[in-house]
S.K.: 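What follows is a single structure, and I will ask about it in a moment.
What's counted below: heavy atoms across the whole structure, side chains too, no hydrogens, waters or symmetry copies. Naming convention: chains lettered A, B, ... in sequence-line order (proteins, then strands); numbering from 1 in each chain.
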Amino acid sequence: MMATAGQLAGLSLGELAHRLGIPVPAHLRRDKGWVGLLLELALGASAGSKPEQDFPELGVELKTIPVDSQGKPLETTFVCVAPLTDIAGLSWEHSNVRNKLSRVLWIPVLGERSVAPGARRIGQPLLWTPSREEERLLRQDWEEIMEWISLGRVQEITARHGQVLQLRPKAANGRALTEAVGRQGQPIQTLPRGFYLKTTFTGALLARHFML
DNA sequence: TCCTGATCATAA
DNA sequence: TTATGATCAGGA
């Protein structure tokens, strides 16, 4: 799988899609997950929507990340949905965020909107495990965000909270609501939220690798 | 220009 | 509805 990932570097998404017999959309407005699904197929990730890593036997999570011509991330990176109920007893060690990020195979893909999806090129992959400092930052943000959620303050959390990890809506649209806990401990309906890695964090992580 | 909040497709 | 895969888009 790692060897395959390395062989994809330099290919355009159009070339890869053609090999796999996949149609190439003119833009990603209605196919936001197309790049990720294409790479999953190419690398043989166990497709599906199970809340697990992409390669359970390897303990590896696959993430494509859109970058500009200089390798700088163009978008934040979605990690997983945030639990909003029954979170008593949850710890960082057992969190979904830590599990997903313990080993990530990053595949940078040129993602400038001025370039058609089929013409975007795949970059050199990077197998990453958080350094002690990176994990400290992730844990710090996760614990603070989860504390606010447990205190019934989920609706007060904005994307500005957190140094490297942020909480943002993760929904089909504004009418897709889910249950959470309010200020007085009462059940409330709110937008589903997800954890995202900020571009400053992923940018530094990629830069550290490609400098070596 | 950048970033936050909103949104799109699909499977089970 | 919730999980997967993310990017869009316009106000700051």
S.K.: Under 4.0 Å, heavy atoms only, any strand: does A/Pro192 hit a base, just the sugar-phosphate, or nothing?
M.R.: nothing

S.K.: Of the candidate nucleotides B/dT7, B/dT4, C/dG5, which contains the atom at the shortest distance from the side chain of A/Lys63?
M.R.: C/dG5

S.K.: Scan A/Asp54 against the nucleic acid and name what it touches under 4.0 Å (heavy atoms): base, sugar-phosphate only, or nothing.
M.R.: sugar-phosphate

S.K.: Is the closest side-chain heavy-atom distance between A/Leu13 and A/Val24 below 4.5 Å?
M.R.: no

S.K.: Under the side-chain hydrogen bond (donor to acceptor under 3.5 Å, both in side chains) test against A/Trp128, which residue among A/His209, A/Glu61, A/Glu134 passes?
M.R.: A/Glu134

S.K.: Select base, sugar-phosphate, or nothing to describe what A/Arg160 touches, counting heavy atoms under 4.0 Å on all strands.
M.R.: sugar-phosphate

S.K.: Before you tell me yes or no, could you show the steps for A/Glu133 and A/Arg136 under salt bridge (charged side-chain N to carboxylate O under 4.0 Å, His left out), namely the whole-Å CA-CA distance, both residues' side-chain angles and the distance that decides it to 0.1 Å?
M.R.: CA-CA 5 Å; A/Glu133 174 64 3; A/Arg136 186 185 70 76; 2.9 Å; yes

S.K.: Name the pairs: protein N/O against N/O of nucleotides 8-12 of chain B, kept only if under 3.5 Å.
M.R.:
from  : atom 1 : to      : atom 2 : distance (Å)
B/dA9 : OP1    : A/Arg30 : NH1    : 3.2

S.K.: Both A/Glu75 and A/Gly174 contact DNA chain B. Which one's nearest nucleotide lies toward the 5' end?
M.R.: A/Glu75

S.K.: Pick base, sugar-phosphate or nothing for A/Leu191, based on heavy-atom distances below 4.0 Å to the nucleic acid.
M.R.: sugar-phosphate

S.K.: Do A/Leu39 and A/Trp106 belong together in a cluster built from hydrophobic side chains that touch within less than 4.5 Å?
M.R.: no

S.K.: Determine the contact category for A/Thr76: base if any of its heavy atoms lies under 4.0 Å from a base atom, sugar-phosphate if only primed atoms, P, OP1 or OP2 are that close, otherwise nothing.
M.R.: base

S.K.: Using atom types as modelled and distance alone, determine if a side-chain donor or acceptor of A/Arg120 lies under 3.5 Å from a backbone N or O of A/Val115.
M.R.: yes

S.K.: Would you please say whether a donor-acceptor pair under 3.5 Å links the side chains of A/Arg168 and A/Thr76?
M.R.: yes

S.K.: Using a heavy-atom cut-off of 4.0 Å across all strands, would you classify A/Glu52 as base, sugar-phosphate, or nothing?
M.R.: nothing

